2 protein chains.
Amino acid sequence: MKSQFGERVRELREKQNLYLRQVAPLLEMDTAQLSKIEKGSRLIKREQIQVLADILKADSNELLVLWLADQLYEVVKDEDVALKAMDAAQETLKSNKRNKRNK
Amino acid sequence: MKSQFGERVRELREKQNLYLRQVAPLLEMDTAQLSKIEKGSRLIKREQIQVLADILKADSNELLVLWLADQLYEVVKDEDVALKAMDAAQETLKSNKRNKRNK
DNA sequence: TATTGACTTGTCAAATATTGGCAAATATAA
DNA sequence: TTATATTTGCCAATATTTGACAAGTCAATA
């Protein structure tokens with residue numbers, strides 16, 4: 001339920017002195033939805049991250065990383081083997097990257 | 001679509017000389033479903049992993065790790081920042097574990 | 001203490017996604 | 001061809017997520 005993405009967005013929004021009511025319409029949602037996003041009970045859409053980053057004058061890659069990390073965490077959070085699973089996935093990513101690099 | 005879990009299951013099933021038709025009913029599914037699971041186009045349910053491990057005389061934790069890793073991979077596979085996101089999630093996991101250990 | 005503004009929460013129907021089951025297609029061997 | 005194993009496509013049933021709205025809390029202040 002708690003989300004690093006949401007916490008960071010709130011931080012950035014407050015730094016810009018913006019209200020939910022001001023930001024939400026720019027994302028074509030109501031304040032209730034944006035509030036839930038900041039609280040971590042809803043996911044923002046991937047394409048909206050860039051829009052939000054622009055509004056908050058923030059780095060969209062930073063937000064994207066947090067948004068993805070929240071979802072990764074969600075998959076394994078209750079698992080004893082969470083770290084092992086992460087290692088395995090990381091291995092796969094790395095080896096796929098190697099293959100991609102060599103076309 | 002390709003899945004480490006599925007590939008490993010197939011490997012184990014063949015090592016035990018079992019047909020889909022023999023294994024599927026033990027998991028209360030039809031062969032088509034199990035085939036899809038091995039091919040990575042469907043997810044097995046978490047509780048079924050233990051059952052499957054018993055049938056295949058395999059380590060259920062090994063299978064669980066692969067099953068989770070597939071899902072983690074799915075989240076970030078098309079992302080440039082995949083590895084960064086994994087690192088961030090890993091950090092969260094580790095720090096939560098620290099907090100849990102100290103209650 | 002009444003009002004206002006910002007945010008939060010609950011609910012629920014609509015939109016999406018996932019699953020289960022069947023039938024037909026494919027593959028391989030005899 | 002026939003038989004057996006596996007794969008694929010489809011679709012209805014089920015489950016999950018989303019969007020929208022109303023009502024709620026909370027804090028500041030008139």
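Note that the structure is predicted; figures quoted are calculated from it, not measured. Letters A, B, ... mirror the listed sequences (proteins, then strands); counts begin at 1. Keep in mind that the numbers below use all heavy atoms, side chains included, and drop hydrogens, waters and symmetry copies.
- Exactly one of A:Val81, A:Leu83, A:Asp87 qualifies for a side chain to side chain contact (heavy atoms under 4.5 Å, CB included) with B:Val65. That residue is A:Val81.
- Atom CG of A:Leu18 is separated from atom C1' of C:dC7 by 15 Å (rounded to the nearest Å).
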Requested in this report: Under the salt bridge (Lys or Arg N to Asp or Glu O under 4.0 Å) rule, what do A:Glu7 and A:Arg10 come out as? Steps first, then yes or no, please.
Outcome: CA-CA 5 Å; A:Glu7 286 174 10; A:Arg10 174 142 306 186; over 6 Å; no
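- Between A:Lys45 and D:dG19 there is a side-chain polar atom (N or O) within less than 4.0 angstrom of OP1 or OP2.
- The phosphate of D:dT7 has OP1 or OP2 within less than 4.0 Å of a side-chain N or O from B:Ser35.
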**Report entry** Check against salt bridge (Lys or Arg N to Asp or Glu O under 4.0 Å), B:Glu79 and A:Arg46
**Finding:** CA-CA 11 Å; B:Glu79 302 288 351; A:Arg46 215 214 101 118; 2.4 Å; yes
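- Proximity note for B:Lys39 (side chain, C-beta onward) versus D:dT7, C:dT8, C:dT19: the nearest is D:dT7.
- In terms of phosphate contacts, B:Arg10 brings a side-chain nitrogen or oxygen within less than 4.0 Å of OP1 or OP2 of D:dT7.
- Take the nearest nucleotide of DNA chain D for B:Glu14 and for A:Met29: the residue whose nucleotide is more 5' is B:Glu14.
- The phosphate of D:dT18 (OP1 or OP2) has no side-chain N or O of A:Gln33 nearer than 4.0 angstrom.
- Regarding A:Arg46, its CZ atom lies at a distance of 20 Å from the P atom of C:dT16, rounded to whole Å.
- The base of C:dG5 does not come close enough to the side chain of A:Arg21 for any donor and acceptor atom to sit less than 3.5 Å apart.
- Judged by atom type and distance alone, B:Lys36 reaches the base of C:dG21 through a side-chain donor-acceptor pair under 3.5 Å.
- Side-chain proximity of B:Arg42 to C:dC7, D:dC10, C:dT8: nearest is D:dC10.
- The phosphate of D:dT6 has OP1 or OP2 within less than 4.0 Å of a side-chain N or O from B:Arg13.
- In this structure, OH of B:Tyr19 is placed 7 Å from P of D:dT6, rounded to the nearest angstrom.
- Contact record, A:Leu66 with A:Gln4: CD1-O, 3.9 Å, taken as the closest heavy-atom pair.
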